[in-house]
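Presented below is the structure to which this report refers.
When a residue number appears, it is its place in the shown sequence, counting from 1.
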Amino acid sequence: MEASLWFWVAFNAAVLVLLALDLGVFARKDAKGDPLPVPVRTALIKSGAYFALALGFCAWLWTAYGATPEERQARALEFLTGYLIEWSLSVDNIFVFVLIFARFRVPAAYQHRVLLWGILGALTMRALMILLGTALVREFDWVMIGFGLFLVWSGWKMLRTVGEPEADPADNPVLLWLRRRFPVTEGYRGNRFVVREGGRLMLTPLLLVLVLVELTDLVFALDSIPAIFAVTTDPFVVYTANVFAILGLRALYFALAGIVHRFRYLKHGLSIVLMIVGAKMLANYVAGGKAVPVEYALFATAAIIGGSIALSLWKTRSESRAAA
């Protein structure tokens with residue numbers, strides 16, 4: 001079943017309303033109108049609300065998106081599997097966000113704005129990549145072989161690099177190029193990205209941080225978009241699963257930033273999931289259909305990701321007690 005134009009319009013309108021509510025009605029601001037740091041409790045509530053919305057959308061797919069009960073069930077399970085994969089990769093994103101904000105000493109009050117624009121940019125990039133991926137899959141079905149091999153290689157590469165020190169974000173080639181070509185202020189200028197000083201426009205370090213956040217999401221999207229195409233090629237399901245995962249990313253960051261270092265085995269789980277979905281994609285192509293049922297992929301994804309997070313928290317429980 002192809003989603004009608006009204007499905008696309010209604011869904012994107014709902015996303016815009018959610019963003020407006022989150023940034024307007026529910027945003028905490030000081031007397032000057034600047035955003036305040038998001039408390040962990042508030043972030044947890046928002047994260048839970050976004051997760052509940054995703055489950056509600058899955059229930060709607062189960063009852064309304066498809067011509068037959070079997071098709072509706074398949075689309076709902078595909079969405080849930082894709083959402084879990086995208087959500088898991090978004091948690092891995094948080095590792096890098098924490099590193100970037102710490103390296104550039106971004107005040108907590110300014111992180112809110114960087115993540116907002118980062119999410120808007122991520123939504124745009126993901127939409128374009130999904131449109132391109134859908135067109136390629138429909139026009140050249142053999143591209144699924146390339147996607148599958150890439151995911152297996154990417155998962156293996158991630159597994160091999162677990163535990164290695166992260167590269168310094170300040171050494172990013174794009175950042176170095178921006179510093180050479182444009183004047184950059186010595187320090188932050190509130191939450192502004194660009195300022196005019198001495199008669200000329202200057203970039204602020206906050207804009208450089210935003211560029212790094214966008215580049216980080218682009219790198220992660222190169223894994224996540226092929227991964228969800230291993231689950232489904234329905235562009236509406238692919239897009240909505242990505243959007244729900246990204247919408248909750250900002251709240252998830254503020255909820256987990258303080259304990260994300262304890263997710264010691266998450267990368268191990270993610271690497272295994274990427275290799276599994278890559279192998280699933282290859283098997284489906286060779287079999288000319290769904291050689292691996294989506295229910296198996298959903299169970300494997302939930303078990304591996306949930307198990308890696310549970311093992312991480314259990315193994316680092318002494319760190320939690322020490323912090324308390």
inquiry  = Less than 6.0 angstrom from the centroid, inside 45 degrees of the normal: does K46 satisfy that with respect to the ring of F51?
reply    =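 Output no; distance or angle outside limits.
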query = Between N12 and Y239, do the side chains contain an N or O donor and an N or O acceptor separated by less than 3.5 Å?
reply =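 There is such a pair between these side chains.
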key: D234 and Y65: side chain donor to acceptor below 3.5 Å   =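 A pair is found: one side chain offers a donor N or O, the other an acceptor, under 3.5 Å apart.
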Gap between atom [atom2] of [Y] and atom [atom1] of [X] - 0.5 Å precision:
| X | Y | atom1 | atom2 | value |
| --- | --- | --- | --- | --- |
| Y265 | H268 | OH | NE2 | 7.0 Å |
| L128 | I225 | CG | CD1 | 10.5 Å |
| T301 | K280 | OG1 | NZ | 9.5 Å |
| W62 | Q73 | CH2 | CD | 4.0 Å |
| L201 | R196 | CG | CZ | 4.0 Å |
| M125 | L215 | CE | CG | 8.0 Å |

Are [X] and [Y] side-chain neighbours, meaning at least one heavy-atom pair lies under 4.5 Å?
| X | Y | result |
| --- | --- | --- |
| N172 | V211 | no |
| P169 | L99 | yes |
| L61 | L77 | no |

query = Are T134 and V238 close enough, and set up right, to give a side chain to side chain contact (heavy atoms under 4.5 Å, CB included), and what steps lead you there?
reply = CA-CA 9 Å; T134 301; V238 173; 6.0 Å; no
message = Test of understanding: with side chain to side chain contact (heavy atoms under 4.5 Å, CB included), list the residues that count as partners of L210, not counting sequence neighbours.
response =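 With sequence neighbours excluded, L210 shows a side chain to side chain contact (heavy atoms under 4.5 Å, CB included) to V114, W117, F193, L207, E214, given in chain and number order.
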Work out which heavy atom in [X] is nearest to a heavy atom in [Y]; give both atom names and the distance.
| X | Y | value |
| --- | --- | --- |
| V231 | E78 | CG1-O, 3.6 Å |
| L270 | S88 | CD2-CB, 3.4 Å |
| M275 | L159 | CE-CD2, 4.1 Å |
| F104 | A170 | CZ-CA, 4.0 Å |
| L212 | I100 | CB-CD1, 3.9 Å |
| S90 | L252 | OG-CD2, 4.0 Å |

key: Qualifying salt bridge (charged side-chain N to carboxylate O under 4.0 Å, His left out) pairs with a residue from residues 171-188, counting only residues at least two apart or across chains   =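 Non-adjacent pairs meeting salt bridge (charged side-chain N to carboxylate O under 4.0 Å, His left out): zero.
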key: Residue pairs fulfilling salt bridge (charged side-chain N to carboxylate O under 4.0 Å, His left out) with at least one residue in residues 99-110, sequence neighbours excluded   =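 Counting only pairs at least two positions apart or across chains, the salt bridge (charged side-chain N to carboxylate O under 4.0 Å, His left out) contacts touching residues 99-110 are R103-D168.
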inquiry  = As a test of understanding, state which of T81, I272, V152, I85 forms a side chain to side chain contact (heavy atoms under 4.5 Å, CB included) with V277.
reply    =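 Passing option: I85.
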ask   = Can you list the steps and then say if Y110 with V209 is a side chain to side chain contact (heavy atoms under 4.5 Å, CB included)?
value = CA-CA 11 Å; Y110 304 160; V209 171; over 6 Å; no
Main chain of [Y], side chain of [X]: is a donor-acceptor contact present, judged purely on distance under 3.5 Å?
| X | Y | answer |
| --- | --- | --- |
| E71 | A67 | yes |
| S312 | R264 | yes |
| T124 | L120 | yes |
| S271 | K267 | yes |
| S308 | I305 | yes |

Aromatic ring proximity, centroids under 6.0 angstrom, Y253 and F101 =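 Here the rings of Y253 and F101 have centres that are less than 6.0 Å from each other.
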key: Aromatic contact, W60 with F7 (centres under 6.0 Å)   =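 Yes, close enough.
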task = Report whether M158 and L222 are members of the same hydrophobic cluster (ILVMFWY, side-chain heavy atoms less than 4.5 Å apart, transitive linking).
result =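 Yes, M158 connects to L222 through the hydrophobic network.
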ask   = Are L55 and I246 in one and the same hydrophobic cluster, where Ile, Leu, Val, Met, Phe, Trp and Tyr link if side-chain heavy atoms are under 4.5 Å apart?
value =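 L55 clusters together with I246.
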key: Partner set under salt bridge (Lys or Arg N to Asp or Glu O under 4.0 Å) for R189, not counting sequence neighbours   =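 Partners of R189 under the salt bridge (Lys or Arg N to Asp or Glu O under 4.0 Å) test: E197.
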Residue list, salt bridge (Lys or Arg N to Asp or Glu O under 4.0 Å) with R126, at least two apart or on another chain =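 If we apply the salt bridge (Lys or Arg N to Asp or Glu O under 4.0 Å) test to R126, skipping adjacent residues, the hits are E86, D217.
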task = Test F244 against every option in F11, Y50, W87 by the ring pair (Phe, Tyr, Trp, His ring centres under 6.0 Å) rule and name the one that passes.
result =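 In the set F11, Y50, W87, the residue that makes a ring pair (Phe, Tyr, Trp, His ring centres under 6.0 Å) with F244 is F11.
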message = Which label fits F79 and Y83: parallel for a plane angle under 30°, tilted from 30 to 60°, or perpendicular past 60°?
response =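 Parallel, since the angle between the ring planes stays under 30°.
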key: Partner set under side chain to side chain donor-acceptor pair (under 3.5 Å) for S154, not counting sequence neighbours   =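 With neighbours one apart ignored, the set is D223.
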